Protein chains: 2
Amino acid sequence: MVCYKFGKKMNNNSIFIEKLRSSGLRPTKQRLEICRLLFDRKKTFHFTITDLCKIIKKEINKKISLATIYNTVHSFKKKGYLKEISVNREKSYFDTNTSDHHHFLDIKTNELIDLKKEDVDKINIKKNLPGKKITSIEVLVKIENNN
Amino acid sequence: MVCYKFGKKMNNNSIFIEKLRSSGLRPTKQRLEICRLLFDRKKTFHFTITDLCKIIKKEINKKISLATIYNTVHSFKKKGYLKEISVNREKSYFDTNTSDHHHFLDIKTNELIDLKKEDVDKINIKKNLPGKKITSIEVLVKIENNN
DNA sequence: TTGTAATTTATAATGATTCTAAAGTAGTGT
DNA sequence: ACACTACTTTAGAATCATTATAAATTACAA
Ligand SMILES: [Mn+2]
Ligand SMILES: [Mn+2]
Ligand SMILES: [Zn+2]
Ligand SMILES: [Zn+2]
């Protein structure tokens, strides 16, 4: 749902309004504010709900309740506009990049960095489990500072 | 620390006692009971702390306090006898297989299944981040029932 | 046996997430 | 424009997992 997906970056909300409507979600003030914060950016955004709460508090005049933030993020996830990336017990990230892709994780800062699918040679799983099919393959590459 | 790592399966605790001592952990009744439950088995064991609490309640006569269970699992992890595998927000597993390896995750049952390193062709990351080095590469293969 | 530090324990505190039920709002039809 | 209804937001409570606290117990070395 990242804004530039639908053409040039927009200064208005019409794209979001349309997108929300087409998903059966009413374009409320709260949802639109959150859309702007999440999707009105060029780069992938990785955030925890706690991060998002802080950003909202800083950037938005009117308060958005915690329950609404949770509801909104979860409905965006359900509609496929966000992907959830679980890196450890403490941190579950949501990702505005909903394409099939992998991640670097800086184990000191917990920063996530996108790895395009093309950045990783095709993963070949030699073992197969009878009666099961593979639905996704995710690679997490943990990194830390050199030296 | 899996028991058979040190030779044939033992019926006594001497191996655990020795191993704990050599790690600077006193071999208390509680730690030994937990060792038995976790490591006295042939197959890799994947468990959540909640799982372990239930098993302890069922299999052990004397109660072990919740705090001790947490402390024990975390110190075993710190000493390298357990590995933590985070699959989603709801589930963080500990793994008695501390070797470098990957996992299948059944997305319906949340069951983890080990994938030996040899079961996955060598992962080649084409992108590299200046100033960072890779410390591990983990693959999570999500699966579900066929049909 | 004694002294000390490590460990266990019950319980409280914290923090994140979900639930609840009441108030507010958006879209529909008139 | 108005009213109706379903959807949404909200504050606050409830729940759940995890961590902190501080007192009692235990391991073990002297
Ligand atoms: Mn979710
Ligand atoms: Mn831990
Ligand atoms: Zn990403
Ligand atoms: Zn494993």
Side-chain angles (χ1 to χ4, degrees), chain A residues 13-14 16-37 46-57 60-79 81-82 84-94 110, chain B residues 13-14 16-37 46-57 60-79 81-82 84-94 110:
Chain A
N13 289 332
S14 49
F16 294 136
I17 292 176
E18 190 184 317
K19 210 61 186 155
L20 289 172
R21 280 228 182 80
S22 78
S23 311
L25 297 174
R26 290 184 179 173
T28 62
K29 259 194 324 301
Q30 293 86 344
R31 284 174 178 159
L32 286 169
E33 290 288 5
I34 293 175
C35 275
R36 249 177 256 124
L37 291 176
H46 298 114
F47 63 95
T48 63
I49 292 200
T50 312
D51 294 338
L52 181 58
C53 290
K54 286 181 194 140
I55 293 172
I56 287 170
K57 207 168 294 173
I60 308 283
N61 316 324
K62 198 179 164 307
K63 175 185 184 196
I64 299 181
S65 80
L66 185 60
T68 297
I69 298 173
Y70 273 93
N71 289 340
T72 301
V73 167
H74 285 133
S75 52
F76 285 4
K77 179 186 171 189
K78 190 176 306 173
K79 295 301 180 180
Y81 301 133
L82 292 172
E84 194 166 1
I85 314 288
S86 175
V87 300
N88 57 44
R89 194 163 7 82
E90 302 80 53
K91 296 269 183 184
S92 190
Y93 285 100
F94 290 88
N110 268 333
Chain B
N13 290 330
S14 48
F16 295 137
I17 292 176
E18 190 184 318
K19 210 62 186 151
L20 288 171
R21 280 228 181 80
S22 78
S23 311
L25 298 174
R26 291 183 177 173
T28 62
K29 258 194 326 298
Q30 293 86 345
R31 284 174 178 158
L32 286 170
E33 291 287 7
I34 293 174
C35 276
R36 250 177 257 123
L37 291 176
H46 297 114
F47 63 96
T48 64
I49 292 201
T50 311
D51 293 338
L52 180 57
C53 290
K54 286 182 195 140
I55 293 172
I56 287 170
K57 205 167 297 173
I60 308 284
N61 316 323
K62 199 181 165 303
K63 175 186 184 192
I64 299 180
S65 80
L66 185 59
T68 297
I69 297 172
Y70 273 93
N71 290 340
T72 301
V73 168
H74 285 132
S75 54
F76 286 3
K77 180 187 169 188
K78 189 176 306 172
K79 296 301 180 179
Y81 301 132
L82 291 173
E84 195 166 358
I85 313 288
S86 174
V87 300
N88 57 43
R89 194 163 6 84
E90 301 81 53
K91 294 269 184 186
S92 190
Y93 285 99
F94 291 88
N110 269 334

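If you're wondering where the values come from, they're calculated on a predicted model, not measured in any experiment. Every chain is numbered from 1, with letters handed out A, B, ... down the list of sequences.
Here B:R21 reaches the OP1 or OP2 of D:dC28: one of its side-chain N or O atoms lies under 4.0 Å away. For C:dT18, neither phosphate oxygen OP1 nor OP2 lies less than 4.0 angstrom from any side-chain nitrogen or oxygen of A:Y70. The phosphate of C:dT18 has OP1 or OP2 within less than 4.0 Å of a side-chain N or O from A:H74.
If you measure from atom CD1 of A:I69 to atom P of D:dG12, you get 16 Å, rounded to the nearest angstrom. Spacing between atom CG of B:N88 and atom C1' of D:dA17 amounts to 14 Å, rounded to whole angstrom units. Between the NZ atom of A:K91 and the C1' atom of C:dG15 there is a distance of 13 Å, rounded to whole Å. Here C:dT17 presents its P atom at 11 Å from CG of A:D51, a figure rounded to the nearest Å. Whole-Å rounding puts the A:E90 CD to D:dA17 P distance at 16 Å. Between the CZ atom of B:R89 and the P atom of D:dT15 there is a distance of 20 Å, given to the nearest Å. B:N13 has its CG atom 16 Å from the C1' atom of D:dA27, to the nearest Å. Rounded to a whole Å, the CD atom of B:E18 is 14 Å from the P atom of D:dC28.
Using a 3.5 Å distance cut-off with no hydrogens or angles, the side chains of A:Y81 and A:S23 do pair a donor with an acceptor. There is no side-chain donor-acceptor pair under 3.5 Å between B:T68 and B:N71.
Side chain of B:R31 to backbone of B:T72: no donor-acceptor contact under 3.5 angstrom is found.
Interatomic distance, CD of B:E33 versus CD1 of B:I56, reported as 8.5 Å (0.5 Å rounding). To the nearest 0.5 Å, the span separating OG on A:S65 from OH on A:Y70 amounts to 11.5 Å. Once rounded to the nearest 0.5 Å, the distance linking CG of B:L25 with SG of B:C35 reads 9.0 Å.
A salt bridge does not link A:E18 with A:R21: every distance from a Lys NZ or Arg NE/NH1/NH2 to an Asp or Glu carboxylate oxygen is 4.0 Å or more.
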What is the per-nucleotide protein-contact pattern of nucleotides 4-14 of chain C, from the 5' end, where B denotes a base atom under 4.0 Å from a protein heavy atom, S denotes such proximity for sugar-phosphate atoms only, and - denotes neither?
-BSSSBB----
